[in-house]
Number of protein chains: 2
Amino acid sequence: MSTQTRTNAEPRIPLSKDRVLQAAIVLADEGGIESLTMRKLAKELGVEAMSLYYHVANKDEILDGMVDVVFGEIDLPSGEINWKTAMRERAISTRKVLSLHPWATSMMQSRTNPGPALLRHHNWVIGTLRESGFSIELTAHAFSAMDAYIYGFSLQEETLPFDTAEEVAAIVKAFLEHFPVDEYPYLAELSVEHIMKPGYDYGDEFDFGLELTLDGLERAQSESEPTTPKVLPI
Amino acid sequence: MSTQTRTNAEPRIPLSKDRVLQAAIVLADEGGIESLTMRKLAKELGVEAMSLYYHVANKDEILDGMVDVVFGEIDLPSGEINWKTAMRERAISTRKVLSLHPWATSMMQSRTNPGPALLRHHNWVIGTLRESGFSIELTAHAFSAMDAYIYGFSLQEETLPFDTAEEVAAIVKAFLEHFPVDEYPYLAELSVEHIMKPGYDYGDEFDFGLELTLDGLERAQSESEPTTPKVLPI
DNA sequence: ATTCGATTCGTACACTGTAAGTGTGTGGTG
DNA sequence: CACCACACACTTACAGTGTACGAATCGAAT
């Protein structure tokens, strides 16, 4: 339409993989991962779909990149703190980041191409445990147990169909009307006596399971004899 | 088997929602959820794509139905056993079912339309805890902690890019070559000293976290005073 | 044989990712 | 200044997706 040659004052920032990833994350945050299409992403960047392919091999590379950006947003505490505090803080930060990018949880694990941020993160977790006297076996156990809990919780949280107390009430009500109480009595009890209570927030459940896990690891550690970490094998 | 008045040899089983769901699960088991398309599903059933829509409103309804079928495959122990044994068995059964249907884990929670099998399952878990003296609050905590762990673990397990020891070795080797050891020393250590060891099986990690969680719940229960369950409120 | 409801199918459309080839603005050279 | 090379953006095209709409076919009751 515009036949003129760049009378526009815009400095015309060139596209880049970073800008593509940032825009993709914004789009996914707003409309969910299924609403992220190459054409919409291009439009968001003021560009045509195929232009993206100069900066990115294919859509999968975008998804992998998004995951790594999200991983990079997780705060890894630094300084001289004990492992339990360190693990608690990174767990809380992880959940927070994942709740800001709800689409990410099911992708964090399902993308098999690890990026640098993910590797850094994992290396930090493992290193912190090793330096705190965890044996290799216990480190593997701890890593698995903690991350399973964190991602599992985020997964549950992501998919809860309600965000506000009113929504909770409406959904529970609909549930109770559709399904006779006497068929699922305990579910009904929990819904009415707990979930519908004012001030209920599923997110609060995170702390309980987190402390349970951390306490369990602490106990497991004290029961095993620590071994000094052996860095740089080979 | 029974030959009707049909001159045709085939008895021509009519389509049904159940048959559609079963075929969909087979297809997803074989090629992953992304390979499940309406046309392939129809072909699998010897039918055209649009014929499916008589038995099913849309693809989402198929996905919801698949999740509920999978939930129905989980064994819920019956009889007079204590809560810990009951929870352990259902956790193990859940993981087993999820590993048979790898696509299911990320869908179990992301489908917001609960089916009867899911409701039955949840009701059973909550009821077992309540009848064992868990308070409503602790039941909610326990439910959240256990399920987060189970699904989180399944999520991790689903996405591990290897199934055999050889694959593990190959991937670790590739990792060590691509990324300098001194950048991720602890990750390298764990890989070489633990994951590459013969007999390693990530699935074995499940038990550790499960017992850790169950022990934690047991401790939490013994520290709180039990309340009798109040069934059928309102 | 006719009718009718229950199923199944054919066609069409908007939308997806992306292969292949075509422009085009910009900075470096003469 | 003109020119060019090339990094970058665009055009077109294609196979595959879910599904709306209406027509065709089946099985059984009349």
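Lettering of chains follows the sequences in order, A, B, ..., and the numbering in each one begins at 1. Note that this is a predicted model, so its numbers are computed, not measured.
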Rounding to a whole Å, what distance do you find between B:Leu45:CG and C:dT7:P? 16 Å
Among residues at least two apart in sequence or on other chains, which ones pass side chain to side chain contact (heavy atoms under 4.5 Å, CB included) with B:Arg19? B:Ile13, B:Leu15, B:Ser16, B:Leu45
Identify the heavy atoms of B:Gln156 and A:Ser144 that sit nearest to each other, and give their distance. OE1-O, 3.5 Å
Tell me which of A:Tyr54 and A:Ala49 sits closer to the 5' end of DNA chain D, going by the nucleotide each one is nearest to. A:Tyr54
Please check if atom NZ in B:Lys59 has more than 12 non-hydrogen atoms from other residues, nucleotides or ligands closer than 6.0 Å. yes
Starting the side chain at C-beta, find the nucleotide from C:dG17, C:dT8, D:dA9 nearest to A:Met38. C:dG17
Could you check how far CD of A:Glu48 sits from C1' of D:dC10, rounded to whole Å? 7 Å
Ignoring hydrogens and angles, does a donor from either the side chain of B:Arg39 or the base of D:dG16 sit under 3.5 Å from an acceptor on the other? no
Side-chain donor-acceptor distances from residues 113-127 of chain A under 3.5 Å, at least two apart:
from, atom 1, to, atom 2, distance (Å)
A:His121, NE2, A:Arg90, NH1, 2.9
A:Asn123, OD1, B:Tyr186, N, 2.9
A:Asn123, OD1, B:Leu187, N, 2.9

Contact class for B:Ile62 (heavy atom, under 4.0 Å): base, sugar-phosphate, or nothing? nothing
Let me know, please, whether B:Met50 or B:Lys40 comes out on the 5' side of the other along DNA chain D by nearest nucleotide. B:Lys40
Only counting residues at least two apart or in another chain, list the ones meeting ring pair (Phe, Tyr, Trp, His ring centres under 6.0 Å) with B:His101. B:Trp103
Separation of C:dC9 atom P from B:Lys43 atom NZ, nearest Å, is 13 Å
Calculate the interatomic distance between A:Glu61 atom CD and C:dT18 atom C1'; express it in whole Å. 14 Å
Any side-chain N or O of A:Ser51 under 4.0 Å from OP1/OP2 of D:dC8? no
Hits for side-chain hydrogen bond (donor to acceptor under 3.5 Å, both in side chains) against B:Tyr53, two or more places apart or cross-chain, chain-then-number order -> none
May I have the distance from B:Glu34 (atom CD) to D:dG18 (atom P), rounded to whole angstrom? 12 Å
Sequence neighbours left out, what passes side chain to side chain contact (heavy atoms under 4.5 Å, CB included) with A:Leu100? Give chain and number order. none
B:His55 atom NE2 is separated from C:dA6 atom P, nearest whole Å, by 12 Å
Length of the line joining B:Tyr53:OH and C:dA6:P, which is rounded to integer Å: 22 Å
Bend angle of the helix from C:dA1-D:dT30 to C:dG30-D:dC1 from five-pair axes at both ends, rounded to 10°? 30°
May I have the distance from A:Lys17 (atom NZ) to D:dA9 (atom C1'), rounded to whole angstrom? 19 Å
